[in-house]
Visitor: 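Have a look at this one.
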Amino acid sequence: MSTGGERATALRLIADRLAAHTGGVLAANAEDLAAARAAGRDAAVLDRLALDRARLDALAATVRSLADEPDPVGGVDGGGVMPNGLEVRRVRVPLGVVGMIYEGRPNVTVDAAALCLKSANAVLLRGSSTARRTNAALVAVIRSALADTSLPVDAVCLVPGVTHASVRALMALRGLVDVLVPRGGHDLIRATVRDSAVPVIETGVGNCHVYVDEHADLDKALAVLLDAKTRRPSVCNAAESLLVHGAVADAFLPRALTALAAHGVLVHGDERVRSYDPAVVPATEDDWGREYLAPELSAAVVGSLDEAVEHIRRYGTGHTEAVVSDSQSAVRRFVALMDTAVVAVNASTRFADGGQIGLGTELGISTQKLHARGPMGLAALTTTTHVLVGDGHVRDGAAVPET
């Protein structure tokens, strides 16, 4: 297996090559964007697909920062010496071969490749046909860099094909692929979990809520809401639903609805919310559970924190939920009752991101409860081997067979 130093050197070279080949990558991305526009793709798809020089520079910077992260492989993160003298070490080891199935987000190509390389995994990348030219250009740059290192070029591979046949083939590779990570919309994730013979780490759809408590600082609440909803609506950690305690609805909602309208956000509200602004459209049952990925938001007034929690537990997706409150008891209760990967207290849902919480970057945000939960950084791409070191130890003092 490669050393941590070899992997860090490879990542630095990849970052340099990405910076040097910006023009070719952007040209490929321009072709993908033109094809997507011609196909009538919506604004959210175009936003996730688009690269520019700033985004590519940010990707290269992320790869460089990962090179400087501590090696996640080989460390001992638990164990001890048993009463019988047997030494136990729990050692971090790679997962092996990671398969990524993802929609039109070419940044995932770089993030996944860098995270897997740093953690001594190989990665098979199956991006969407929408980004096929961009992904091919990015993988070509990465593989050209690997060719000049001690790491195998095939540690990063782009799965060929643009039809679902190649996806089905990848999902059937149990024994060759160790884990699949789907990253995209509800249909993609559901289909992968349902159909894959390979174990799946389920990343989740982000129907994220902002709950404004009766004890909230309303200026903070407005800032959190606007950042969570309007900064980049097309991403999974953007807020999709607003819940406001009835005690502060009269003071908060007129301000919030005016500010949201100024940012072009269409609000789907219950009867109380609609009473503040005729531009608010009636919310349907589907709206409460919908991930808009667009400048749209569902909104409701609730009578208590417990009612807000009940609403979130019914319609949420286990991704990220935010509470704005100056009451420590309210915050503690909200956090304790949330069954979700990330809880943000007096902070935007947009902080549910590996780069924002010290992980460097992320492979995705896991909403399951096994192995990895929340933003998946380097540690989530390793598992453990228990190393047992004895000195002729046998169970229960059993006799050594005679020879």
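Start at 1 with the first residue, then count along the sequence.
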Visitor: Over 60° means perpendicular and under 30° means parallel, so tell me whether His268 and Tyr292 are parallel, tilted or perpendicular.
Guide: parallel
Visitor: Do you see a donor-acceptor pair shorter than 3.5 Å between the side chains of Glu240 and His209?
Guide: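 Judged by distance alone, the side chains do not pair up.
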Visitor: Count the heavy atoms belonging to other residues, nucleotides or ligands that lie under 6.0 Å from CZ of Phe351, then report whether that count exceeds 12.
Guide: no
Visitor: Can you name the nearest heavy-atom pair linking Ala145 to Ile14, along with the distance?
Guide: CB-CG1, 3.6 Å
Visitor: Just wondering, more than 12 heavy atoms not from Asp68 lying within 6.0 Å of its CG?
Guide: yes
Visitor: What I want to check is whether the side chains of Asn207 and Thr317 have a donor and an acceptor closer together than 3.5 Å.
Guide: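 Not at all, the side chains of Asn207 and Thr317 share no donor-acceptor pair under 3.5 Å.
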Visitor: For Val98 and Leu381, which heavy atoms make the closest approach, and how far apart are they?
Guide: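 Heavy atoms only, the tightest pair is CG2-CD2, 4.3 Å.
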Visitor: Going by atom types alone, do Glu307 and Tyr211 pair a side-chain donor with an acceptor below 3.5 Å?
Guide: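 Absent: no donor and acceptor within the cut-off.
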Visitor: If we count only N and O atoms by modelled type, under 3.5 Å, do the side chains of Thr384 and Arg92 hold a donor and an acceptor together?
Guide: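 No pair is found: no donor N or O on one side chain lies under 3.5 Å from an acceptor on the other.
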Visitor: If only side-chain N and O atoms count, and only distance matters, is there a donor-acceptor pair under 3.5 Å linking Asn121 with Ser119?
Guide: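 Short answer, yes.
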Visitor: For Ser2 and Arg7, test the side chains for any donor-to-acceptor distance below 3.5 angstrom and give the result as yes or no.
Guide: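 Indeed, the side chains of Ser2 and Arg7 share at least one donor-acceptor pair under 3.5 Å.
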Visitor: Decide whether Asn237 and Thr349 meet the rule of one side-chain donor and one side-chain acceptor closer than 3.5 Å.
Guide: no
Visitor: Any side-chain donor paired with an acceptor under 3.5 Å for Ser298 and Ser241?
Guide: yes
Visitor: Scan side-chain atoms only and decide if Ser327 and Ser329 contain a donor-acceptor pair under the 3.5 Å cut-off.
Guide: yes
Visitor: Would a 4.5 Å heavy-atom cut-off, applied to side chains only, mark Leu125 and Val139 as touching?
Guide: yes
Visitor: May I ask you to check whether His245 and His215 place their ring centers less than 6.0 Å from one another?
Guide: no
